[in-house]
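Contents: one structure, followed by commentary.
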Amino acid sequence: MDGIRADRSDVHAVDDRRPVLPGSGWPDDPASDATAVAVTAADVKRLAASAGDTAELDARMSVCRACPRLVGWREDVALERRAAFAHQRYWGRPVPSFGPADARVLIVGLAPAAHGGNRTGRIFTGDRSGDWLFASLHRVGLARLPTSISAGDGQRLVATRIAAAVRCAPPANKPTTAERDTCRSWLVRELALLRPTLRVLVVLGGFAWTALWPALARAGYSVPSPRPVFGHASRVVLEAVHEEGLVVLGCYHPSQQNTFTGRVTAGMLDAVLGKAAATAGMGPAVDDK
């Protein structure tokens, strides 16, 4: 098995190897042909900061072209495709966040998968990591469906939003430091827009954990110094002026490497996401010990 789920929808089954054009009819595409496009790091910072809401932010991040290496890679993958998906059109653009604008839980991962989110246009959708994540979210009451196969499949998150530290699929799943830093402005603005309702951050993996703290600081949160060390079930409470504290939970990434080796089990994932739901007031109380 290649580790990627086939998409049951035939909406992508067209003979077109270009990335999806904004506003051309892809399910849940947040952008239009009038959406402003960032082509430099300065553009990203400006367009992210001026986004009035998460819908506008999602639209702008979904057409970003500020990192030439990532643009070339994601579009080459969409052109060449994996044999299992040769009949499907690939999204081939940055993958926006997924979930409501008033989320109480924000899950932050590393980046979209080349043949997952880069194919389907939705974060953690169409790959094995997503299979694990959405199944767990469903079990703890944070997702309507236990699977996430394609954009437009009816999946909805419950007071939860999923984002990534880097919005484009990177070669070898390894963004450069410069690419991470360029992309950070999207996450900074997202944290600021979610601030009125956000209560819990679940961070999947060490890369996202490292990327998160500067973004939180830029979004106005007081972050600890030295920065907290990542670990599974790590818990940090940030005190914020004029609002409740924000709880940050660490979680091993549900990558194939981790799930195949048993480093991450369904029970471990459920425990962290269940604690997030409970802390955000959407589930039974749990012991913080």
Side-chain angles (χ1 to χ4, degrees), residues 1-5 95 97-100 103-113 115-117 120 122-150 153-166 173 187 194 198-212 228-237 246-289:
M1 296 295 291
D2 58 17
I4 305 293
R5 291 181 61 94
V95 180
S97 298
F98 176 55
R104 297 176 66 83
V105 176
L106 177 65
I107 299 169
V108 182
L110 192 165
H115 303 281
T120 64
R122 193 165 72 197
I123 194 70
F124 277 107
T125 295
D127 60 46
R128 294 301 183 191
S129 294
D131 289 348
W132 277 72
L133 179 62
F134 278 95
S136 182
L137 287 168
H138 180 68
R139 287 192 295 268
V140 303
L142 297 181
R144 298 295 186 192
L145 301 175
T147 60
S148 184
I149 298 171
S150 63
D153 63 2
Q155 178 64 273
R156 291 292 180 269
L157 296 175
V158 180
T160 301
R161 192 167 163 88
I162 305 177
V166 174
N173 208 32
L187 182 57
L194 293 176
L198 188 62
R199 295 294 173 262
V200 185
L201 272 163
V202 178
V203 188
L204 302 178
F207 183 97
W209 183 268
T210 299
L212 173 68
V229 176
F230 173 73
H232 186 77
S234 294
R235 183 177 182 271
V236 181
V237 180
L246 178 67
V247 176
V248 182
L249 300 175
C251 182
Y252 289 153
H253 196 288
S255 64
Q256 288 189 70
Q257 181 179 2
N258 285 341
T259 57
F260 282 2
T261 61
R263 190 180 190 213
V264 173
T265 65
M268 291 169 65
L269 201 55
D270 289 358
V272 173
L273 294 176
K275 181 171 288 190
T279 302
M282 297 180 293
V286 294
D287 190 346
D288 285 334
K289 295 180 181 179

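Donor-acceptor pairing under 3.5 Å is recorded for the side chains of R122 and S148.
Using a 4.5 Å heavy-atom threshold, the side chains of L249 and K275 count as touching. In this structure, the side chains of F134 and I162 come closer than 4.5 Å at one or more pairs of heavy atoms. Using a 4.5 Å cut-off on side-chain heavy atoms (C-beta onward), D131 and T147 make no contact. Side-chain atoms of L201 and L246, non-hydrogen and from C-beta on, do get closer than 4.5 Å to each other. R263 places a side-chain heavy atom less than 4.5 Å from the side chain of Y252. For the pair L212/V248, a side-chain contact is recorded, criterion being any heavy-atom separation below 4.5 Å from C-beta on. Two residues are said to be in side-chain contact when any heavy atoms from C-beta on lie closer than 4.5 Å; V272 and H232 meet this criterion. S97 is not listed as a side-chain neighbour of I123, based on a closest heavy-atom distance of 4.5 Å or more.
In plain terms, the two heavy atoms of V105 and A280 that are nearest each other are CG2-CB, 3.7 Å. Closest of all the heavy-atom pairs between S129 and P254 is OG-O, 3.0 Å. Minimum heavy-atom separation, R235 to V237: NH1-CG2, 3.6 Å. Residue F207 comes nearest to L110 through the heavy atom pair CD2-CG, 3.7 Å, listed as atom of the first residue, atom of the second, then distance. Across all non-hydrogen atoms, the minimal contact from A165 to A211 is CB-CB, 3.8 Å. Looking at every heavy atom in both residues, D127 comes nearest to A113 through OD2-CB, 3.4 Å.
Identified under the salt bridge (Lys or Arg N to Asp or Glu O under 4.0 Å) test for residues 134-149, with sequence neighbours left out: R139-D270.
When T120, V95, T125 are each tested for a side chain to side chain contact (heavy atoms under 4.5 Å, CB included) with P112, only one passes: V95.
To the nearest 0.5 Å, atoms SG (C251) and CZ (F230) are separated by 7.0 Å.
Within the 3.5 Å criterion, the main-chain N or O of G206 finds a donor-acceptor partner in the side chain of T210. Side chain of W132 to main chain of T265: no donor-acceptor pair is present (N/O by atom type, distance under 3.5 Å, no hydrogens or angles). No donor-acceptor pair closer than 3.5 Å links the side chain of T279 to the backbone N or O of A277. Of the possible polar contacts, one joining the T259 side chain to the S255 backbone as a donor-acceptor pair under 3.5 Å is found.
In this view, F124 and H253 satisfy the ring-ring contact (aromatic ring centres under 6.0 Å, His included) rule, not counting sequence neighbours. Scanning for side-chain hydrogen bond (donor to acceptor under 3.5 Å, both in side chains) contacts around N173 gives an empty result, with sequence neighbours left out.
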side-chain contact (heavy atoms from CB on, under 4.5 Å) between L273 and I107, worked out: CA-CA 9 Å; L273 294 176; I107 299 169; 4.1 Å; yes
Residues L194, R161; criterion side-chain contact (heavy atoms from CB on, under 4.5 Å); working and verdict: CA-CA 10 Å; L194 293 176; R161 192 167 163 88; 4.0 Å; yes
Audit row: L157, F98, side-chain contact (heavy atoms from CB on, under 4.5 Å) steps and yes/no: CA-CA 8 Å; L157 296 175; F98 176 55; 3.6 Å; yes
Pair I149-Q155, side-chain contact (heavy atoms from CB on, under 4.5 Å): steps then yes or no: CA-CA 9 Å; I149 298 171; Q155 178 64 273; over 6 Å; no
